[in-house]
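Below is one structure, written out as structure tokens, with a few remarks after it.
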Amino acid sequence: MGNRADDEGTDVTIYRKALTDTVHADTPTGAPEPLLALLDRLGFERQTLATAGPVYIWHEAPGHLDEAAKKQLATHAVPWLHKAGYMVHITDDVWDSAAYTDAATAMRNQRAPAPPPTVAAVRTTDRLPGTHRR
């Protein structure tokens with residue numbers, strides 16, 4: 001089992017998983033914790049899969065976001081990742097040039113990386129219509 005970041009030789013590869021609406025941010029096997037933590041701070045959700053060999057770690061855009069918000073989250077991460085010195089590949093189907101411009105502008109006014117404002121405004125503790133708390 002590998003991932004796109006391993007295959008492409010990047011620090012982060014952001015793409016939409018085939019036949020789904022899931023936006024992935026793959027990092028290489030054994031990626032450093034500062035990179036993983038940065039993706040966490042940028043609004044991606046960390047996922048893990050333990051195997052008999054390595055533990056696979058990847059990030060996904062939160063599933064409750066609509067398609068536009070997922071694209072905004074994915075694109076917003078790029079300038080922050082570049083600023084931290086990471087090589088990023090993002091596919092055209094999740095790229096939003098307006099979101100990139102907004103993120104690059106916001107980056108000048110913020111010290112710490114954070115999710116885009118519209119994504120951060122959607123609290124993950126809010127119940128989605130038709131769901132129940134357990």
Side-chain angles (χ1 to χ4, degrees):
M1 179 175 174
N3 65 51
R4 287 192 178 191
D6 285 333
D7 296 343
E8 296 177 4
T10 61
D11 296 310
V12 182
T13 299
I14 303 172
Y15 65 98
R16 183 179 323 279
K17 187 174 178 183
L19 306 176
T20 73
D21 66 348
T22 304
V23 174
H24 276 245
D26 285 356
T27 53
T29 304
E33 180 58 30
L35 172 56
L36 302 175
L38 177 57
L39 289 167
D40 295 340
R41 285 192 311 274
L42 289 168
F44 286 94
E45 295 178 342
R46 192 183 301 203
Q47 309 292 321
T48 60
L49 174 65
T51 67
V55 174
Y56 292 99
I57 300 172
W58 70 96
H59 285 76
E60 296 178 1
H64 65 275
L65 298 177
D66 65 21
E67 182 177 345
K70 287 178 184 179
K71 287 174 79 170
Q72 185 180 34
L73 175 72
T75 304
H76 174 88
V78 174
W80 287 103
L81 291 161
H82 284 165
K83 182 178 181 179
Y86 296 111
M87 183 176 19
V88 181
H89 176 251
I90 182 169
T91 59
D92 290 340
D93 62 335
V94 294
W95 176 256
D96 179 336
S97 58
Y100 181 84
T101 300
D102 291 346
T105 300
M107 193 171 64
R108 284 185 236 137
N109 302 323
Q110 292 176 306
R111 292 179 187 239
T118 56
V119 173
V122 178
R123 293 182 27 202
T124 58
T125 58
D126 292 342
R127 273 192 265 170
L128 298 175
T131 63
H132 304 282
R133 291 188 186 202
R134 295 180 186 212

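Heavy atoms only: backbone and side chains are in, while hydrogens, waters and symmetry mates are out.
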Rounded distance (nearest 0.5 Å) linking atom [atom1] of [X] with atom [atom2] of [Y]:
X	Y	atom1	atom2	value
Asp11	His82	CG	NE2	9.5 Å
Lys83	Leu81	NZ	CG	12.0 Å
Leu65	Lys71	CG	NZ	14.0 Å
Glu60	Ile14	CD	CD1	13.0 Å

Contact summary for [X] and [Y], nearest pair of heavy atoms:
X	Y	result
Ala61	Phe44	N-CD2, 3.7 Å
Pro28	Thr10	CG-O, 3.3 Å
Pro113	Leu38	CG-CD1, 3.3 Å
Ala25	Val12	CB-CG1, 4.2 Å
Ala104	Pro79	N-CG, 4.1 Å
Lys70	Asp21	NZ-O, 3.1 Å

Is there a side-chain contact between [X] and [Y] in this structure, where contact means two heavy atoms from C-beta onward sitting under 4.5 Å apart?
X	Y	result
Val23	Leu73	no
Leu42	Pro115	no
Leu35	Tyr86	yes
Arg16	Glu67	yes
Thr27	Leu39	yes

For this session: Report yes or no: does Thr75 contribute a side-chain atom to a donor-acceptor pair with the main-chain N or O of Val94 at less than 3.5 Å?
Result: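 Confirmed, Thr75 side chain pairs with Val94 backbone.
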For this session: Kindly say whether Ala114 contributes a backbone atom to a donor-acceptor pair with the side chain of His76 at under 3.5 angstrom?
Result: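 A pair under 3.5 Å: yes.
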Exercise. Is the shortest side-chain N to carboxylate O distance from Arg46 to Asp40 below 4.0 Å?
Worked result: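 Looking at Arg46 and Asp40, the cut-off is met.
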Exercise. Apart from Ile57 itself, what residues make up its hydrophobic cluster, given side-chain heavy atom links below 4.5 Å?
Worked result: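 Under the 4.5 Å side-chain rule, Ile57 groups with Leu36, Val55.
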Problem set entry | With Tyr15 via ring-ring contact (aromatic ring centres under 6.0 Å, His included) - residues at least two apart |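 So Tyr15 forms a ring-ring contact (aromatic ring centres under 6.0 Å, His included) with His24.
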Exercise. Which pairs with one or both residues in residues 93-102 pass side-chain hydrogen bond (donor to acceptor under 3.5 Å, both in side chains), sequence neighbours excluded?
Worked result: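 Counting only pairs at least two positions apart or across chains, the side-chain hydrogen bond (donor to acceptor under 3.5 Å, both in side chains) contacts touching residues 93-102 are Thr91-Asp93.
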